[in-house]
K.L.:
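Below you'll find the structure I mean.
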Amino acid sequence: MGSTGVRIAIDAMGGDHAPAEIVAGAVRAGEELGVTVLLVGDPQQIEAALPPKTNLAQVEIVPAEEAIAMDEEPLNAVRRKRKASINVAMDLVKQQQADAVFSAGHSGAAMASALLRLGRLPGIDRPAIGTVFPTIKAGKPVLILDVGANVDCRPKFLEQFAVMGSAYSQYVLGTPEPKVGLLNIGEEDTKGNEVALRAHQLLKENTQISFIGNAEGRDVLSGDFDVIVCDGFVGNVLLKFAEAVGGVILQILREELPQGLHGQIGTALLKPNLKRIKQRMDHAEHGGALLLGVDGVCLIGHGSSQAPSVFNAIRMAKEAVDNQVLQRLRTQYQALERESG
């Protein structure tokens with residue numbers, strides 16, 4: 001599908017700063033990326049949030065009667081509120097009126113809605129949330145999955161995550177032959193619990209991926225791995241810790257660099273460098289996390305997402321559509337099913 005025809009459904013009511021920041025980021029994406037954004041939610045609130053001189057040729061407003069709050073139990077809320085903005089957005093993808101969906105609202109509700117409305121890809125037992133981390137090697141990110149969809153995992157699930165992550169890394173992040181690792185407590189093959197030991201064996205035997213062994217915690221940001229798989233409990237802790245560390249480092253730089261006359265002069269001279277540091281470390285630059293394994297392109301953003309994060313999430317969604325990630329995953333799993341069958 002050509003980039004000019006990409007249509008992204010946006011849950012305009014989801015997130016701490018909805019709808020204003022969601023709408024602002026979506027409108028910018030429509031103007032700069034050439035996508036059509038379908039803003040789903042309360043039409044009056046969305047219209048009030050539209051920036052002045054918005055190019056309405058790239059924007060459509062789709063009414064939704066309700067929204068799911070962050071404190072609601074996700075599955076019950078998704079089933080009870082059939083006309084909630086996240087459900088209406090997912091239905092647009094299901095009905096092929098949109099190519100992808102983005103929500104910064106309740107991540108559990110987004111996942112539940114995707115599973116109920118879009119279903120899983122053939123051969124996938126559990127979808128995984130994958131997010132991109134920066135590494136010490138510039139321009140070489142690492143994809144971590146799962147970061148929250150599955151608290152407990154079977155070895156087979158981790159193998160599936162590896163195949164999905166490898167496909168995404170190759171076709172969207174542009175890694176020719178992604179190096180896959182299994183997050184573990186040691187680099188030796190014999191380290192870890194039963195799940196890790198069995199998963200290691202499955203990954204080692206899988207001919208669809210380039211598995212190079214276990215990755216310890218210190219290896220995550222080394223740049224030596226392109227994809228790292230783990231269960232959602234560990235992955236979510238890792239994600240939030242990494243975001244906190246990045247925020248702490250940026251805050252320390254803001255506080256300490258301008259100290260004194262030399263610091264003020266140096267900070268002014270280093271402003272372009274500091275901007276690049278922020279771009280490499282700030283999670284907002286990556287926009288959102290992919291929900292891989294459902295039969296549709298879905299991006300889940302932080303609840304605190306503001307316009308830049310929303311823009312970058314839509315950029316990621318567009319890249320996934322343009323690079324036919326969904327079709328490639330189907331092909332990968334058909335091959336895996338033939339091998340295991």
Side-chain angles (χ1 to χ4, degrees), residues 74-75 101-103 106-115 118-121 123-133 135 141-170 172-173 178-185 192-200 202-203 206 208-209 211 214-217 219-221 225-243 283 286-303 313 316 320 325-326 329 332-333 336:
L75 186 57
V101 61
F102 166 75
S103 176
H106 196 312
S107 58
M111 189 171 74
S113 183
L115 285 170
L118 305 178
R120 293 187 293 268
L121 284 170
I124 300 292
D125 292 292
R126 295 286 189 279
I129 299 175
T131 192
V132 176
F133 283 38
T135 71
V142 60
L143 177 67
I144 311 291
L145 67 166
D146 179 25
V147 295
N150 307 277
V151 175
D152 296 304
C153 285
R154 298 177 184 175
K156 183 181 179 182
F157 302 167
L158 295 171
E159 180 188 20
Q160 293 173 0
F161 299 168
V163 174
M164 291 190 292
S166 186
Y168 184 81
S169 179
Q170 180 177 354
V172 176
L173 301 180
K179 296 179 177 64
V180 178
L182 172 67
L183 192 60
N184 208 333
I185 59 172
N193 56 19
E194 281 188 39
V195 172
L197 292 172
R198 179 59 185 144
H200 188 283
L202 290 176
L203 294 169
N206 191 305
Q208 292 184 294
I209 61 174
F211 178 61
N214 290 332
E216 297 183 82
D219 300 319
V220 171
L221 306 181
F225 295 85
D226 301 300
V227 178
I228 295 177
V229 296
C230 57
D231 65 59
F233 184 94
V234 172
N236 193 264
V237 172
L238 178 66
L239 169 66
K240 291 174 180 175
F241 179 76
E243 290 175 351
H283 66 79
H286 299 291
L290 280 147
L291 182 57
L292 291 167
V294 296
D295 199 6
V297 177
C298 302
L299 271 291
I300 297 174
H302 289 266
M316 289 177 67
V325 169
L326 205 58
L329 285 174
Q332 293 275 64
Y333 268 92
L336 183 62

K.L.:
Work out which heavy atom in Val132 is nearest to a heavy atom in Pro141; give both atom names and the distance.
P.N.:
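Scanning both residues completely, I find the closest heavy atoms to be CG1-CB, 3.3 Å.
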K.L.:
Output yes when Arg120 and Asp295 qualify as a salt bridge under the 4.0 Å nitrogen-oxygen rule, no when they do not.
P.N.:
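Looking at Arg120 and Asp295, the cut-off is not met.
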K.L.:
Could you tell me the separation between the SG atom of Cys298 and the CG atom of Leu118, rounded to the nearest 0.5 Å?
P.N.:
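It is 5.0 Å, given to the nearest 0.5 Å.
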K.L.:
Quick one: closest heavy-atom pair of Leu291 and Ala114, and the distance?
P.N.:
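Residues Leu291 and Ala114, closest heavy atoms: CD2-CB, 3.8 Å.
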K.L.:
Check Leu221 against Phe133 and note the closest heavy-atom contact, atom names and distance.
P.N.:
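Smallest interatomic distance, heavy atoms only, reads CD2-CD2, 3.7 Å.
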K.L.:
Determine whether a donor-acceptor pair (N or O, by modelled atom type, separation under 3.5 Å) exists between the side chain of Asp219 and the backbone of Glu216.
P.N.:
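Here the side-chain-to-backbone pair exists.
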K.L.:
Hey, could you give me the CG/CG distance between Leu182 and Asn214, rounded to the nearest 0.5 Å?
P.N.:
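One gets 5.0 Å once the value is rounded to the nearest 0.5 Å.
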K.L.:
Looking at every heavy atom in both Val195 and Cys153, which two are closest together, and how far apart are they?
P.N.:
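Where Val195 meets Cys153 most closely, the heavy atoms are CG1-O, 3.6 Å.
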K.L.:
Would you say Asp152 has more than 12 foreign heavy atoms packed within less than 6.0 Å of its CG?
P.N.:
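No - once you tally the heavy atoms of other residues, nucleotides and ligands closer than 6.0 Å, there are 12 at most.
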K.L.:
Determine, step by step, whether Leu239 and Ile144 satisfy the side chain to side chain contact (heavy atoms under 4.5 Å, CB included) criterion, reporting the C-alpha distance in whole Å, the side-chain angles of both residues, the deciding distance to 0.1 Å, and the verdict.
P.N.:
CA-CA 9 Å; Leu239 169 66; Ile144 311 291; over 6 Å; no
K.L.:
Tell me which one of Ile129, Asn150, Val227 satisfies side chain to side chain contact (heavy atoms under 4.5 Å, CB included) with Phe161.
P.N.:
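The side chain to side chain contact (heavy atoms under 4.5 Å, CB included) with Phe161 is passed solely by Asn150 among Ile129, Asn150, Val227.
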K.L.:
Considering all heavy atoms of both residues, which atom of Ser169 and which atom of Asp226 are nearest to each other, and what is their separation?
P.N.:
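Taking Ser169 first and Asp226 second, the nearest heavy atoms are OG-CB, 3.9 Å.
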K.L.:
Between Gln160 and Asp125, is any side-chain donor less than 3.5 angstrom from a side-chain acceptor?
P.N.:
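Side chains of Gln160 and Asp125: pair found under 3.5 Å.
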